[in-house]
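So the structure is just underneath, and the comments pick up after that.
Lettering follows sequence order; numbering is per chain, from 1.
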2 protein chains.
Amino acid sequence: MSDRRETSAASRGRASAGRAAYHHGSLREALIDAGEQLARSDGLDGVTVRRIAAACGVSAAAVYRHFPSGDHLIAAVAQRAREIMARDMFARLDTAAGKPAIDRLREVGESYIAFALAEPRLFSLVSMPMTTPPDRLDDPNAADLVRNIVLELEPPGEVDEVRVAGRMMLAQSSAHGLALILRDFVPDPQVREMLIAGVLDRVGVGLEA
Amino acid sequence: MSDRRETSAASRGRASAGRAAYHHGSLREALIDAGEQLARSDGLDGVTVRRIAAACGVSAAAVYRHFPSGDHLIAAVAQRAREIMARDMFARLDTAAGKPAIDRLREVGESYIAFALAEPRLFSLVSMPMTTPPDRLDDPNAADLVRNIVLELEPPGEVDEVRVAGRMMLAQSSAHGLALILRDFVPDPQVREMLIAGVLDRVGVGLEA
DNA sequence: CCGACATGTTGACAGTGTACACATCGATGC
DNA sequence: GCATCGATGTGTACACTGTCAACATGTCGG
């Protein structure tokens, strides 16, 4: 009976949770981890309650001690994916500090698209409508990041909220749509690069208008 | 035993198939019809082989006489949805004949977004990656439509294919991304209108660059 | 008229989410 | 130290899903 716990608990957690694992240690995090891996490899269809539970060496019903439904677990994995992507984007922004706002905005767009193409299946979760509100509203959020840069494009003194919203939406819509179309319909990497450059050039023009 | 056939066959087909209905009449079309309705009302999750079959008064296994798998049926429904949307767009374009290319391109974008917001669940199928090639490549296709208008933006004499591709991609990406974001995250119709106008204005600028 | 073929049904199997009753373990009060 | 209690995990069951093999039925060509 203890073998099951050992095989799964040994691979993860344990060290992070002070002493030896409690019933499981911290199953909630483990479930999200497993879900992330499953999403990476098998896509959204592969992310199922039973498979995630099995990957943690735990029965399916155990999931419901930590999430009110399977959809909530998926949503948590999606939130995790958004955090990963946000980290990517922030890291890339650090290397571009000092550049003009419009260039940094382009970096963000490129980063967003690059993530979608590097992790196409995980990206499906990123772009899922969020059924459950994120646990922490204060951590790195892609939308806020875009907003902050867009604000720099505003003429000093007065910020027109409508204009800000329009610019944000142009940036987000074009990056999001382009990422999806490239991922699903344009396999050739060279063509992808060409289209990314072509679109982002024009978006830049539109953003400054 | 004939009651089942009557209740379902009476509502559709029959007239189109010359005489009285054969085993079912034309089940293939009926399945796609039912799938379309199901997608409209219940969304992608509601579109299942068994429910479509039941809606046609037919056993689930019967589906496999007309489609190699359930995914192929879904794909056929998706193709149907694309045709419906394309018809919308063509109709709207007819009323805008004579206007400059850039204005007609905007009409197409507005039409695309309007469809996504009017039929949010059906739109999920539209934007599905096409696993199976469409039956007829020659009928109204949204991408070709956009391409034809974009070609009018090219300077007469020479067409730069890279520039054409970039413009097409900007138009499609921004409309697609905006439609998705508005559908999933912006419930307020007034805000939607404002954002559509704001984005399309800027896309217009980018397209003419 | 009758066989061949297209089409539809039945029943089964594996896999899914989820709820209920039960088991087990850690901590906490006495 | 011991009992109890709450948190956590298990087992089992139900309704649902896609899909297949075996069988039934209805239509058309010879």
Calculate the interatomic distance between [X] atom [atom1] and [N] atom [atom2]; express it in whole Å.
| X | N | atom1 | atom2 | result |
| --- | --- | --- | --- | --- |
| D42(A) | dG15(C) | CG | P | 14 Å |
| D45(B) | dG18(D) | CG | C1' | 15 Å |
| F67(B) | dT7(C) | CZ | P | 12 Å |
| R65(A) | dC22(C) | CZ | P | 14 Å |
| H72(B) | dC20(D) | NE2 | C1' | 16 Å |
| I74(B) | dT17(D) | CD1 | C1' | 12 Å |
| L31(A) | dT8(D) | CG | C1' | 12 Å |
| D71(A) | dG17(C) | CG | C1' | 9 Å |

**Report entry** Taking every non-hydrogen atom, the tightest pair across A81(A) and V126(A)
**Finding:** CB-CG2, 3.8 Å

Query raised in the report: Quick one: which of dT18(C), dG18(D), dG9(D) gets closest to the side chain of Y64(B)?
Result: dG18(D)

Requested in this report: Check whether the side chains of H72(A) and S69(A) place a donor and an acceptor atom closer than 3.5 Å, and report yes or no.
Outcome: yes

Query raised in the report: Does one side chain, of R183(A) or S124(A), offer a donor that lies under 3.5 Å from an acceptor on the other?
Result: yes

Query raised in the report: Does any N or O in the side chain of S174(A) come within less than 3.5 Å of the main-chain N or O of A171(A), such that one atom is a donor and the other an acceptor?
Result: yes

**Report entry** dG8(C) phosphate, OP1 or OP2, under 4.0 Å from H66(B) side-chain N/O
**Finding:** yes

Query - Under-4.0 Å side-chain N/O to phosphate OP1/OP2 contact, T48(B) with dC16(D) - result: no

Query raised in the report: Hey, is the side chain of R50(A) pairing donor to acceptor with the base of dG15(C) inside 3.5 Å?
Result: no

Report task. Determine the contact category for R28(B): base if any of its heavy atoms lies under 4.0 Å from a base atom, sugar-phosphate if only primed atoms, P, OP1 or OP2 are that close, otherwise nothing. Result -> nothing

